[in-house]
Amino acid sequence: MSADKLPVLPECIFQTIFESSPGSLLVKADIPCFTILAASDTYLEITSSTRELVLGRSFFEVFPDDKDFEDETNARKVFTRVVKTGHKIDVPTYRFDVFNRATQKYEVRYWSCCNTPIFDADHKVAYVLNTVVDITGEVQAKQAAIESEKRLRLATEAAALATWDLNLKDQQFIYSPRLAEIFGHAPETKMDLAQIRCQVNTDDMRDIVLKAFKEALTTGNYLYEVRIYWADGSIHWIKTQGIVLHNDRHEPVRMIGTILDITESKRDAIRKNDFIAMASHELKTPLTSIKAYLQLLAKKLLPTDDSFVANALSKAGNQVNKMTELVHGFLDLSKLESGKLNLRIKAFDINKLIDDAIAEINMISTSHIIAFNSTGVIIINADKEKILQVIGNFLSNAIKYADKGTRITIKSEVINGDVKVSVTDEGIGISIKDQANLFQRFYRVESDKMKNISGFGIGLYLASEIIQCHKGQIGVESEEDKGATFYFSLPLADQVTL
Ligand code: ADP
């Protein structure tokens with residue numbers, strides 16, 4: 001037997017091979033009948049038919065033409081062309097619904113077909129070999145992907161979001177036309193990553209973008225807000241959000257995400273902030289005068305036998321103090337928002353500061369038992385006034401949110417090179433859900449117990465920002481109705497004397 005010649009197989013062996021081949025059907029080239037001569041087991045299985053049903057019958061009798069699909073993929077046309085031209089014809093995607101005997105219903109099926117002519121001794125097409133592969137799964141997955149992409153595109157367009165995709169290997173950057181618009185260009189403008197980064201404010205690029213990028217490679221998430229410049233010199237704000245995609249070896253390979261133009265909301269926030277700053281600044285002077293006049297009045301009238309006068313003076317003093325605290329809070333808030341919270345760092349003893357905070361709070365209220373066992377001298381480097389403000393906020397909250405007569409315990413302890421200061425009360429406590437939001441600006445717990453307790457929800461936000469500016473940690477441990485412990489920790493100064 002020569003190497004390039006197939007052996008002549010006995011018909012029964014040929015039949016066995018054919019019947020066990022994947023998705024094959026042999027039809028006679030008897031236009032227009034195309035009588036079925038052989039069918040493989042797989043073909044019968046995927047078309048939900050049997051050998052008895054198909055053999056010796058016209059292809060179109062067994063698999064009637066679907067009049068809805070009278071296009072170039074129509075089987076009758078394809079078979080006829082194969083016979084007439086003698087060329088093999090592939091139909092990569094072909095819809096042919098199959099009747100499912102079990103459910104008695106037609107099922108949508110997609111096929112990839114190949115129609116090969118088989119010639120007789122006179123070189124005339126005698127048969128057509130129709131081989132099919134069921135690709136319904138692939139087609140439906142592709143359709144679902146197209147659908148979901150369409151839905152995503154609609155959603156991003158409605159939200160005016162730009163989408164982007166960065167290849168981390170070659171820095172290739174693909175983005176939607178909206179991105180060019182957000183950067184002040186016509187939607188069809190082509191830009192690469194370097195050009196886009198050139199428009200970002202230099203400080204923001206160094207302090208925010210590059211840091212966020214580095215962090216994203218370890219955390220997997222990318223989120224920041226920065227200023228960008230348009231060609232006309234105007235400043236705009238963008239918010240970028242994204243995730244990192246990894247390959248099988250867990251190496252970061254791509255980053256995908258969205259960009260939103262947040263210029264309007266930023267401008268609103270800046271306007272609001274400017275207003276708060278201006279209003280609080282304007283209130284400071286009259287408040288200082290009222291306080292001075294009250295002190296003068298007190299000097300002139302006190303001590304007095306008139307209990308009404310004494311009481312009114314003390315209440316007016318308390319109210320002015322409360323208002324001064326509030327105005328200072330708003331001033332700090334506006335300084336924070338505009339990044340002007342200047343820290344005056346110096347070394348001091350935190351335990352002495354806690355004593356001062358207790359003395360200060362005792363001047364306003366003596367309704368609770370405040371316990372503090374000083375542990376000697378603990379020196380830290382920080383802004384003393386600001387840290388006093390944080391302890392003061394913890395203490396005044398403990399008084400505000402716990403019943404009169406209950407105990408407030410302050411602790412300061414050295415743990416792993418940090419000092420941890422905690423304030424524990426026996427008050428209403430905070431649910432786990434609320435604990436997650438407590439340090440956000442203007443956040444207040446909404447509950448019946450809170451109805452008669454006034455506040456603005458800025459104290460803990462300021463405290464958290466102050467501690468973060470000092471590279472420290474702040475937190476809370478609590479259970480509803482079981483009191484709360486608010487704490488912060490700060491690094492110790494170089495020499496610690498205990
Ligand atoms: P304010 O007390 O002015 O509302 P804060 O920022 O100081 O603002 O506190 C935010 C919220 O946290 C409060 O509204 C309150 O719901 C909750 N909270 C703070 N301290 C305590 C505490 N010691 N016990 C229970 N809830 C507290």
Side-chain angles (χ1 to χ4, degrees), residues 279-333 344 346 348-374 377 383-412 421 423-428 449-460 462-463 466 483-484 486:
S280 344
H281 191 78
E282 292 303 312
L283 279 171
K284 233 170 74 175
T285 321
L287 262 177
T288 317
S289 306
I290 297 173
K291 197 168 176 172
Y293 281 122
L294 278 175
Q295 279 166 355
L296 281 176
L297 264 182
K299 244 192 185 155
K300 213 168 165 53
L301 300 177
L302 295 179
T304 171
D305 295 337
D306 190 334
S307 65
F308 173 77
V309 170
N311 196 15
L313 272 175
S314 139
K315 283 200 168 139
N318 277 344
Q319 293 304 323
V320 168
N321 282 342
K322 265 193 189 170
M323 203 152 162
T324 313
E325 213 175 280
L326 201 62
V327 166
H328 281 138
F330 280 133
L331 269 176
D332 280 345
L333 187 72
R344 271 178 282 167
K346 56 181 181 192
F348 61 89
D349 172 15
I350 188 87
N351 283 338
K352 169 81 181 47
L353 195 76
I354 295 172
D355 284 333
D356 292 349
I358 295 170
E360 220 171 75
I361 207 94
N362 275 335
M363 290 211 307
I364 304 168
S365 161
T366 49
S367 54
H368 295 68
I369 307 149
I370 302 180
F372 173 52
N373 277 337
S374 182
V377 177
D383 185 317
K384 196 171 166 186
E385 282 306 310
K386 297 270 179 293
I387 301 300
L388 181 67
Q389 193 178 329
V390 176
I391 303 171
N393 176 253
F394 284 2
L395 280 173
S396 60
N397 277 348
I399 288 172
K400 229 158 73 169
Y401 299 109
D403 285 341
K404 283 185 180 158
T406 55
R407 194 178 172 86
I408 297 168
T409 312
I410 310 185
K411 256 206 249 167
S412 66
V421 175
V423 175
T424 304
D425 63 52
E426 298 169 350
I428 59 174
K449 289 175 222 140
M450 290 284 297
K451 267 190 188 143
N452 301 319
I453 311 177
S454 65
F456 278 92
I458 57 168
L460 285 180
L462 284 174
I466 291 170
F486 281 86

Quiz item: With under 30° as parallel and over 60° as perpendicular, where do the rings of F486 and F394 fit, or are they tilted in between?
Solution: tilted
Donor-acceptor contact present, side-chain [X] to main-chain [Y], <3.5 Å:
{"X": "D425", "Y": "G483", "value": "no"}
{"X": "S365", "Y": "I361", "value": "no"}
{"X": "T366", "Y": "N362", "value": "no"}

Kindly write out the residues that satisfy salt bridge (charged side-chain N to carboxylate O under 4.0 Å, His left out) with [X], not counting sequence neighbours, or none if the list is empty.
{"X": "K352", "value": "D356"}
{"X": "K451", "value": "D448"}
{"X": "D306", "value": "none"}

With rounding to the nearest 0.5 angstrom, report the [atom1] to [atom2] distance, [X] to [Y].
{"X": "S412", "Y": "I354", "atom1": "OG", "atom2": "CD1", "answer": "4.5 Å"}
{"X": "L326", "Y": "N321", "atom1": "CG", "atom2": "CG", "answer": "12.5 Å"}
{"X": "L313", "Y": "N318", "atom1": "CG", "atom2": "CG", "answer": "11.0 Å"}
{"X": "I408", "Y": "I369", "atom1": "CD1", "atom2": "CD1", "answer": "9.0 Å"}
{"X": "I466", "Y": "L388", "atom1": "CD1", "atom2": "CG", "answer": "10.0 Å"}
{"X": "Q319", "Y": "S314", "atom1": "CD", "atom2": "OG", "answer": "10.0 Å"}

Please tabulate, for side-chain N and O atoms in residues 293-302, each donor-acceptor pair with protein atoms closer than 3.5 Å (sequence neighbours left out).
none

Exercise. Provide the full list of salt bridge (charged side-chain N to carboxylate O under 4.0 Å, His left out) pairs with a residue in residues 358-369, sequence neighbours left out, each pair given once.
Key: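 Checked against salt bridge (charged side-chain N to carboxylate O under 4.0 Å, His left out) - neighbours excluded - no pair reaches residues 358-369.
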Report yes if the side chains of [X] and [Y] come closer than 4.5 Å at any heavy-atom pair, otherwise no.
{"X": "V327", "Y": "T324", "result": "no"}
{"X": "D332", "Y": "Q389", "result": "yes"}
{"X": "R407", "Y": "T424", "result": "no"}
{"X": "K384", "Y": "K346", "result": "yes"}

Quiz item: With a cut-off of 6.0 Å (strictly less than), are more than 12 heavy atoms of other residues, nucleotides or ligands near CG of N373?
Solution: no
Practice problem: Please check if atom CE in M450 has more than 12 non-hydrogen atoms from other residues, nucleotides or ligands closer than 6.0 Å. | Solution: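 Yes, the 6.0 Å shell around CE holds more than 12 heavy atoms from other groups.
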Self-check item: Option passing side chain to side chain contact (heavy atoms under 4.5 Å, CB included) with L353 (candidates I391, V390, I358)
Solution: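 Only match with L353 under side chain to side chain contact (heavy atoms under 4.5 Å, CB included): I391.
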Sequence neighbours excluded and cut-off under 3.5 Å, please list the side-chain donor-acceptor pairs for residues 395-404, or say none.
from	atom 1	to	atom 2	distance (Å)
S396	OG	G392	O	3.1
S396	OG	N393	O	3.3
K400	NZ	S454	O	3.2
Y401	OH	R444	NH2	3.0

Quiz item: Which atom pair, heavy atoms only, marks the closest approach of I458 to G329?
Solution: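 Nearest heavy atoms, I458 then G329: CD1-C, 3.9 Å.
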Quiz item: Which atom pair, heavy atoms only, marks the closest approach of F348 to D383?
Solution: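 Smallest interatomic distance, heavy atoms only, reads CE2-C, 4.2 Å.
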